[in-house]
Structure formats: structure tokens, C-alpha cells
Undergrad: 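Supplied in C-alpha cells, the structure appears directly below.
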Amino acid sequence: MIASKSNHKISNMDYKKLAELLFPEIDKTPEHYEKVYPERNLPDGAKVTRLGPSPTGFIHLGNLYGAFAGERLAHLSSGIFYLRIEDTDHKREVEGAIPSLIEALDYFGIRFDEGAGADGDKGDYGPYKQSERAEIYQCYAKSLVEQGAAYPCFCTEEELDEIRQEQEKVKANPGYYGKWAKHRDLSFDEIKEKKEAGMEYVIRLRSSGNPEKYFTITDGIRGELSMPENEMDVVILKKTGIPTYHFAHVVDDHLMRTTHVVRGEEWLSSLPIHFELFNVLGFKLPVYCHTTVLMKMDGETKRKLSKRKDPELSLDYYKRQGYIPEAVSEYILTILNSNFEEWRFANPEADICEFEFSTEKMSNSGTLFDLDKLNDVSKETLSRMSAACIYDYLADWAELTDEKKYKVISDKKEMLLKVLDIDRTGAKPRKDLAYCCQIFEFIKYFFDEYFVIEDELPEQVGTDVAKEILQEYMMSYQHSDNQEEWFGKIREMGSRMGYAAKPKDYKKNPEEYKGHVGHVSTVIRIALTGRSNSPDIWEIQQILGQNKVFERIEKYSDALK
RNA sequence: GUCUCCUUGGUCAAGUGGUCAAGACGGCACCCUCUCACGGUGCAAUCAGGGGUUCGACUCCCCUAGGAGAUACCA
């Protein structure tokens with residue numbers, strides 16, 4: 001069908017012979033696989049998407065970003081989201097990458113309908129590991145050879161190097177194509193001879209593209225794209241018989257009936273290759289959705305996130321920091337779809353799944369990862385979450401990271417449930433809980449094991465006065481006082497000692513007072529929490545209990561010299 | 001080098017020929033307030049540069065610059 005214009009030394013008749021010579025053991029035909037993997041029977045508009053990670057390391061935020069897009073697209077349309085492991089490069093494979101990947105994604109709520117799993121494949125379109133699909137790729141490669149659209153290439157690395165050097169010398173584009181493709185027009189006998197001599201070879205596409213000609217394609221995210229046709233005789237099967245990414249992508253996404261290919265923008269420039277491959281194989285083109293890469297600030301410039309350089313952005317890091325998965329999802333969605341924040345504002349209680357995610361609303365310039373924003377989104381998210389729910393995450397996190405913390409957290413569950421709820425009910429809930437690590441720091445003074453005096457007395461209060469305040473406070477303390485009664489006493493005590501009952505009065509006439517109630521209450525606050533800033537003291541006292549209140553006040557008072 | 005994509009405040013961004021160029025994060029100031037947080041009000045801050053097209057350009061075209069990616073028997 002593409003039978004080329006180049007002057008092959010092989011007649012059309014011989015392509016079949018060549019295919020047999022190259023793939024004697026392949027007895028299946030593309031028609032066979034078409035039957036085995038029929039069109040999916042899904043409702044109209046259902047999208048089939050996939051995540052195709054290579055098990056070469058540990059997954060980071062950038063991967064989650066792409067995974068999220070695919071997952072949303074599929075599940076919002078009653079489609080299928082599956083996991084395909086792209087392990088065609090054994091050299092780079094990292095032990096244990098797959099289970100850890102599945103686990104990490106699961107933690108962030110990304111579940112697959114089918115595909116590779118920790119306990120084997122699920123679904124009718126498998127196997128879902130490319131390393132187990134060799135026969136299939138070879139079958140399609142064979143059919144390409146039969147058509148004259150692919151051929152064996154026996155070039156060694158050295159020969160390829162020579163070609164490259166020659167190209168550099170004459171300033172030609174590097175690559176294996178056109179007249180540079182040494183083995184493009186080998187005769188059947190030459191091929192047979194080399195093969196029988198035991199020479200290793202790869203299978204290359206016999207490209208019929210013309211880079212002078214452009215084709216257009218509509219990207220789901222970027223809209224209309226115009227690109228030159230591919231002219232490279234790219235390798236489709238390596239000498240091991242394993243396909244390259246390009247070939248595996250085309251065969252798999254066709255056979256697995258993927259409708260939308262969501263992948264990083266680093267693939268954009270290979271689109272011409274994929275376009276030609278789809279055409280030459282007679283497959284229907286999926287909708288491509290090229291996402292932007294997640295960037296990070298590196299000194300003065302933006303840079304793509306990298307697994308090697310940015311371990312602090314690995315998903316595992318977030319888990320260890322104790323970021324709540326729902327919060328991370330919220331964050332990802334806010335950078336994924338520009339109208340998400342608006343939607344969330346209008347629907348504060350809605351489940352994230354109700355948001356109508358769309359590829360058109362995806363940004364197409366590099367997004368910088370912003371920790372401040374993540375934290376803000378996280379606080380917002382946690383403010384809508386129940387204390388019990390946060391407690392569970394906190395306990396899980398501690399169990400994972402720190403035995404001692406886990407012990408105090410599980411021992412004091414009842415207390416913590418109250419602590420986590422301080423000031424969080426009502427119209428204006430506190431928003432100071434962001435992630436477990438930070439939460440623990442924030443509330444640790446409730447545990448004697450972690451309680452320390454961190455802050456100094458305010459300058460308006462001398463040591464003697466502080467002692468006096470604490471003594472008087474203990475004398476008048478009634479645990480059963482309500483918030484108003486309790487604070488009234490502090491005001492009164494402060495006034496008696498020369499502190500303004502209202503901070504405003506003090507600000508107006510600072511010379512008339514030693515300070516204001518705020519300074520008085522700070523002394524008590526430090527005694528009880530170790531810090532000059534904390535949520536409402538009355539609430540803290542109610543949770544701590546009368547005995548603990550006295551104990552801490554006394555201890556602090558004694559410590560003041 | 002060649003090819004492709006991208007370019008609105010410090011960051012994320014809305015915007016598709018006529019807007020005083022939204023909003024969010026962060027920053028600052030003030031208000032509320034016993035501290036912190038929350039909440040409220042306000043301020044500073046953006047169309048990379050240059051040419052066109054047009055009555056009119058952030059928006060369309062071209063050039064330049066910058067950034068990212070590809071140019072592998074890696075994905």
C-alpha cells in the first residue's frame with residue numbers, strides 16, 4: 001500500500017518471502033488480534049485512557065498530574081482507565097517500581113479498571129506488560145515487512161556513528177532516513193546472507209513521509225497542530241525482538257482500544273512518527289492530549305521536574321510529610337483545570353468527582369509547582385474535613401514514620417479528636433491544619449512527652465509580675481467557668497495589676513499602662529502551651545483538664561526565677 | 001544545527017478584536033480581636049520585544065528573544 005517510490009531491489013513478490021525469513025515462528029495475523037481484542041462495547045462518548053509508566057524509578061508529582069487527567073477523563077465518561085507497564089527497556093528497569101507505583105497512586109485515589117496489578121492482570125485486553133506482548137508486536141512488524149513498509153537493518157553502532165559523523169560534516173539532519181538509510185534497499189539475498197551469517201539486526205519502518213509536507217492534527221489540550229511528516233526510518237523492533245516505545249504505543253493503544261492518549265508534552269515531537277505508524281498500519285488515530293510538564297524553580301529559571309534531581313517531589317515524600325491525599329488531589333485539579341477553583345468555591349461540599357474536568361481547560365504552558373499554594377489548598381480542604389477523618393490520617397502517618405508519635409497519638413485518641421476540632425465548627429473555621437507533620441508540630445503541646453517551653457515572656461511582663469499573674473490565676477481558677485466568666489477574671493486581674501482591659505486603651509495611652517490583657521493572657525498561654533501563640537486557651541484548658549492546667553501553671557511558675 | 005511546542009503580575013491563571021486586563025496563592029497595610037488562625041477592607045504587581053493587519057489588538061499574521069522538548073536499538 002505504501003509501496004515506496006524508492007527503487008527497492010526486492011520485488012513485491014518477495015516481501016512475503018522476506019517476512020517469512022525474518023519471522024518464521026510468527027503464525028498469527030493482525031486479523032487474529034483484531035478478533036481477540038474487539039472494539040469495546042461502551043456507552044457513547046466513553047473514553048478509554050491509560051497510564052503507561054515505565055518502571056524506571058519512583059513516581060513523582062508530575063506523574064500524578066498526568067495520571068489524574070487520564071483518570072478523570074475516563075471515569076467522567078463511564079469509560080475505562082487502565083494501567084499498562086511500558087517495560088521495553090530492561091536496562092533501566094528498577095526493582096519494585098511497579099508495586100510501589102500502584103500503591104502510591106492508590107494512596108492518592110487513582111484506581112485502575114483494568115491492567116497490570118500487584119496480583120496479576122485484570123481485563124480482557126492484556127497482557128498489560130509490554131514485555132509479555134512480544135509476539136503481538138512481531139506479528140504486526142511482520143505484516144509491515146510483507147507490505148514493504150518495514151525492513152531489517154544490520155547496521156552496527158559503529159556504522160550508525162559513521163553515518164552521523166558524515167551527516168554532521170555535510171550539515172545534514174542526523175538520523176537514519178532517505179539516502180542515509182544504508183540497508184533500506186538490501187536485496188533478499190543480501191539479507192538472507194547476513195542473517196545466516198548470524199548478524200544481528202533491527203526492524204525499521206520504511207518511511208514514505210515527506211518532511212516538506214505538513215499534516216494537521218487536533219490535540220485535545222492544544223487544539224490544532226501542524227507538523228511535518230516523518231521521514232525517519234525509525235527502529236520499530238530492537239535486535240532483541242522487543243519493540244521501541246513508538247511501535248509499542250501504536251500497536252497497544254490500537255489493540256487496547258484507547259480513545260484518548262494522555263501523555264507528557266515530551267512526546268509532542270515524536271507525533272509525526274506515531275502519525276505515520278498509525279496510518280501505515282491502518283489504525284484509527286486516537287485523540288492525543290499532550291499535558292504540560294510540571295516545572296520547578298531552579299535558581300533563576302524554571303526547570304522540568306526530574307526524578308533524579310528532585311527527590312523532594314516524589315510522591316513518597318508527600319506521604320511521609322503526611323499530606324492528605326484528598327488535599328493533594330484538590331491541588332492537582334486546581335493546576336490541572338483553570339476553572340476548578342471557581343467551581344470549588346461555588347460547591348464547597350461537593351465531591352471532587354462531580355467536577356466536570358475537561359481537556360480544553362488544561363493549561364498548555366509549563367506549570368510551576370507551588371508549595372505555598374499546595375499548603376493553602378490543603379488547609380482549605382482539611383477545614384472541610386471531620387476531626388475523626390483527620391485523626392485517622394494522622395494515626396496512619398505516625399505509624400508509618402515515627403513509633404513514639406504513633407504511640408501518643410493512639411493512646412490519646414479521645415483527646416485528639418477534641419483537639420483537632422478546636423474552633424473548626426461554625427461559619428469561620430480555623431484553617432491552620434495543612435499536613436500531618438505540620439499538624440503534629442502544631443498540637444504537640446498536648447502531649448507531656450513533647451511539651452516544651454518554646455517562647456519568651458512578652459517584654460511588658462517581668463518575671464516577678466509573671467509569677468504573680470500565675471499565682472493569682474491559680475487562686476481564682478474555676479474549671480467550670482464558661483469562656484466569658486473565665487476571661488472576665490483575667491481582665492479584672494490584669495486591670496488590678498496595671499494592664500489595660502482592652503488593647504485599644506493601651507494603644508491609645510501606652511504610658512498609662514504596663515501593657516494590656518493580651519500580655520497577661522500570654523503568660524498563661526506560655527505556661528500551658530509553651531508558646532505565645534495558640535488557639536483559644538479556655539478550650540485548651542477544657543481539653544487538658546483541671547489537673548493538667550494546675551500542673552503546668554505551677555511548673556512554669558516554679559521555673560521562673 | 002534542525003524540527004516542534006510554549007511566553008499575561010513573584011507564582012497559578014481568566015481572557016478568543018472594543019474590559020478601568022478577572023480571580024487565587026504569596027507580599028504589604030488596616031479592621032475585627034486576649035495571642036495565633038479565621039474573616040473583612042485595601043494596596044503594590046502582568047499582556048517578552050519589534051513590526052504589520054485593523055477605526056481599534058493581550059487576542060490575527062510575521063520577525064526577534066527567552067524557555068521547554070525532540071533529534072537513541074530510553075521512555
Side-chain angles (χ1 to χ4, degrees), chain A residues 52-56 86-89 91-92 130 153 155 157 160 164 167-168 171-176 200-204 211 219 222 225-228 232 234-240 242-246 248-249 263-273 290 292-293 295 297 301-304 334-335 338-339 341-342 344-345 361 363-377 379 383 422-424 426-433 442 455 458 487 490-491 494 499 501-504 516-522 524-526 529 531-538:
Chain A
S54 57
T56 54
E86 312 210 330
D87 53 350
T88 53
D89 185 13
K91 278 171 283 184
R92 304 199 314 156
Q130 290 182 331
C153 165
C155 283
E157 252 177 76
L160 258 18
R164 167 166 304 251
Q167 286 169 328
E168 266 170 37
K171 297 208 161 134
N173 280 345
Y176 201 86
E200 290 184 312
Y201 62 94
V202 299
I203 303 293
R204 287 183 182 273
D219 185 281
R222 288 151 199 268
L225 253 31
S226 172
M227 298 184 130
M232 295 292 162
V234 290
V235 172
I236 58 175
L237 244 38
K238 305 179 198 176
K239 69 181 173 205
T240 52
I242 296 296
T244 54
Y245 168 86
H246 306 302
H249 149 57
R263 44 141 72 151
E265 70 178 342
E266 65 268 27
W267 293 111
L268 217 41
S269 30
S270 347
L271 204 49
I273 296 172
H290 289 97
T292 55
V293 291
M295 315 285 281
M297 219 52 198
T301 52
K302 280 189 185 183
R303 196 197 72 213
K304 183 182 168 185
T334 70
I335 57 175
S338 53
N339 54 339
E341 270 189 294
E342 196 184 335
R344 174 51 85 200
F345 190 72
K361 287 289 179 187
S363 133
N364 55 6
S365 58
T367 298
L368 195 67
F369 170 75
D370 186 350
L371 194 64
D372 281 332
K373 186 75 180 179
L374 202 212
N375 285 146
D376 178 71
V377 169
K379 285 177 181 174
S383 77
I422 293 177
D423 248 8
R424 291 181 67 248
K428 290 188 262 178
R430 295 186 72 88
K431 292 178 183 168
D432 38 23
L433 273 22
F442 187 68
D455 288 343
F487 197 68
I490 294 181
R491 275 217 161 90
Y499 290 86
K502 299 269 185 190
K504 267 187 178 167
H516 62 77
V517 246
H519 302 125
V520 178
S521 65
T522 298
I524 298 161
R525 175 168 275 117
I526 293 176
T529 69
R531 337 217 245 228
S532 50
N533 296 326
S534 83
D536 186 64
I537 307 178
W538 182 82

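Here is how names work: the chains are called A, B, and so on, in the same order as the sequence lines, proteins then strands, and each is numbered from 1.
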Undergrad: Starting from P on B/U71, measure out to CD on A/Glu266 and report it in whole angstrom.
TA: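 Atom-to-atom, A/Glu266 to B/U71, this comes out as 11 Å.
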Undergrad: Specify the separation, in whole Å, of atom CD1 of A/Ile242 and atom P of B/C74.
TA: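 To the nearest whole Å, that distance equals 11 Å.
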Undergrad: Could you check whether the side chain of A/Arg491 and the base of B/C34 have a donor-acceptor pair of N or O atoms closer than 3.5 Å, going by distance alone?
TA: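 Such a pair does not exist between side chain and base.
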Undergrad: Under the 3.5 angstrom rule, does the side chain of A/Lys238 hit a backbone N or O of A/Thr88 as a donor-acceptor pair?
TA: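 Yes, A/Lys238 side chain to A/Thr88 backbone: donor-acceptor pair under 3.5 Å.
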Undergrad: Between atom CH2 in A/Trp267 and atom P in B/A70, what is the gap in whole Å?
TA: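 Taking CH2 of A/Trp267 and P of B/A70, I get 9 Å after rounding.
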Undergrad: Using Watson-Crick or G-U wobble geometry with both distances below 3.5 Å, tell me the partner of B/A37, or none.
TA: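 Pairing partner, where one exists within any strand: none, as none qualifies.
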Undergrad: Report the distance from atom CZ of A/Arg531 to atom C1' of B/U35, rounded to the nearest whole Å.
TA: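 The distance from CZ of A/Arg531 to C1' of B/U35 comes to 13 Å, rounded to the nearest Å.
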Undergrad: Counting side-chain heavy atoms from C-beta on, which of B/A70, B/C73, B/C5 comes nearest to A/Leu160?
TA: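 Closest of the options to the side chain of A/Leu160: B/C73.
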Undergrad: For B/A48, which nucleotide in any strand shown is its Watson-Crick or wobble partner with both distances under 3.5 Å?
TA: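 Partner of B/A48: B/U64.
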Undergrad: Using a cut-off of strictly less than 4.0 Å, decide whether A/Arg424 has a side-chain nitrogen or oxygen near OP1 or OP2 of B/A37.
TA: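 Looking at the OP1 and OP2 atoms of B/A37, neither is under 4.0 Å from any side-chain N or O of A/Arg424.
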Undergrad: Rounded to whole Å, please give me the gap between CG in A/Asp372 and C1' in B/G9.
TA: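 Taking CG of A/Asp372 and C1' of B/G9, I get 16 Å after rounding.
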Undergrad: Looking across every strand, which nucleic acid part, if any, lies under 4.0 Å from A/Val235 by heavy atom: base, sugar-phosphate, or nothing?
TA: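 If one applies the 4.0 Å heavy-atom cut-off, A/Val235 turns out to touch the sugar-phosphate alone, with no base involved.
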Undergrad: Look at the side chain of A/Arg92 and the base of B/C74, then say whether one donor and one acceptor between them are separated by less than 3.5 Å.
TA: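 By the distance-only test, yes, there is a pair.
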Undergrad: For B/G1, which nucleotide in any strand shown is its Watson-Crick or wobble partner with both distances under 3.5 Å?
TA: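 B/G1 is paired with B/U71.
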Undergrad: Would you classify A/Thr240 as touching base, sugar-phosphate or nothing, given that sugar-phosphate means primed atoms plus P, OP1 and OP2, and contacts are heavy atoms under 4.0 Å?
TA: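 Nothing: the residue A/Thr240, judged by heavy atoms under 4.0 Å, touches no strand.
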Undergrad: When rounded to the nearest Å, what value does the distance between C1' atoms of B/A14 and B/U19 take?
TA: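 Result for the C1' pair: 12 Å, nearest Å.
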Undergrad: Would one find a side-chain N or O of A/Lys361 under 4.0 angstrom from OP1 or OP2 of B/G15?
TA: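 So the side-chain polar atoms of A/Lys361 do come within 4.0 Å of the phosphate oxygens OP1 or OP2 of B/G15, strictly under.
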Undergrad: Is a donor on one side and an acceptor on the other found under 3.5 Å between the side chain of A/Gln167 and the backbone of A/Gly175?
TA: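 Between the backbone of A/Gly175 and the side chain of A/Gln167 there is a qualifying donor-acceptor contact (under 3.5 Å).
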Undergrad: Does A/Thr88 have a side-chain nitrogen or oxygen under 4.0 Å from the phosphate oxygens OP1 or OP2 of B/A75?
TA: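 For A/Thr88, the contact criterion (side-chain N or O under 4.0 Å from OP1 or OP2 of B/A75) is met.
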Undergrad: Does A/Asp536 make a side-chain donor-acceptor contact with the base of B/C34, cut-off 3.5 Å?
TA: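 Answer yes: a donor N or O sits under 3.5 Å from an acceptor.
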Undergrad: Please report, rounded to the nearest Å, how far the C1' atom of B/A75 is from the CG atom of A/Leu271.
TA: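 Distance, rounded to whole Å: 16 Å.
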Undergrad: Roughly how many Å apart are B/U7 and B/U64, using the C1' atom of each and rounding to a whole number?
TA: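 It works out to 14 Å between them.
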Undergrad: Salt bridge check: are A/Lys361 and A/Glu342 linked by an N-O gap of less than 4.0 Å?
TA: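 Judged by the 4.0 Å cut-off on N to carboxylate O distance, A/Lys361 and A/Glu342 do not form a salt bridge.
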Undergrad: Describe the nucleic acid contact of A/Arg204 in one word from base, sugar-phosphate, nothing, applying a heavy-atom distance below 4.0 Å.
TA: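 Sugar-phosphate contact only - A/Arg204 comes under 4.0 Å of backbone atoms but never of a base.
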Undergrad: Donor-acceptor pair, A/Ser383 side chain versus A/Lys431 backbone, under 3.5 Å?
TA: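 Judged by distance alone, no pair lies under 3.5 Å.
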Undergrad: Which part of the nucleic acid does A/Pro53 contact within heavy-atom distance under 4.0 Å: base, sugar-phosphate only, or nothing?
TA: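 Answer is nothing: A/Pro53 stays at 4.0 Å or more from every strand.
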Undergrad: Tell me the partner of B/A22, counting only Watson-Crick (N1-N3 plus N6-O4 or O6-N4) or G-U wobble (N1-O2 and O6-N3) with both under 3.5 Å; none if nothing fits.
TA: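 When the pairing criteria are applied, nothing turns out to pair with B/A22, so the answer is none.
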Undergrad: Is there a side-chain contact (heavy atoms from CB on, under 4.5 Å) between A/Val235 and A/Tyr176? Walk through the geometry before answering.
TA: CA-CA 9 Å; A/Val235 172; A/Tyr176 201 86; over 6 Å; no
Undergrad: Okay, side chain of A/Arg531, backbone of A/Phe442: is any donor-acceptor separation there less than 3.5 Å?
TA: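 Yes, the answer is positive, given that a donor and an acceptor are paired below the 3.5 Å cut-off.
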Undergrad: Quick one: is B/G23 close enough that its OP1 or OP2 comes under 4.0 Å of any side-chain N or O from A/Lys373?
TA: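 No.
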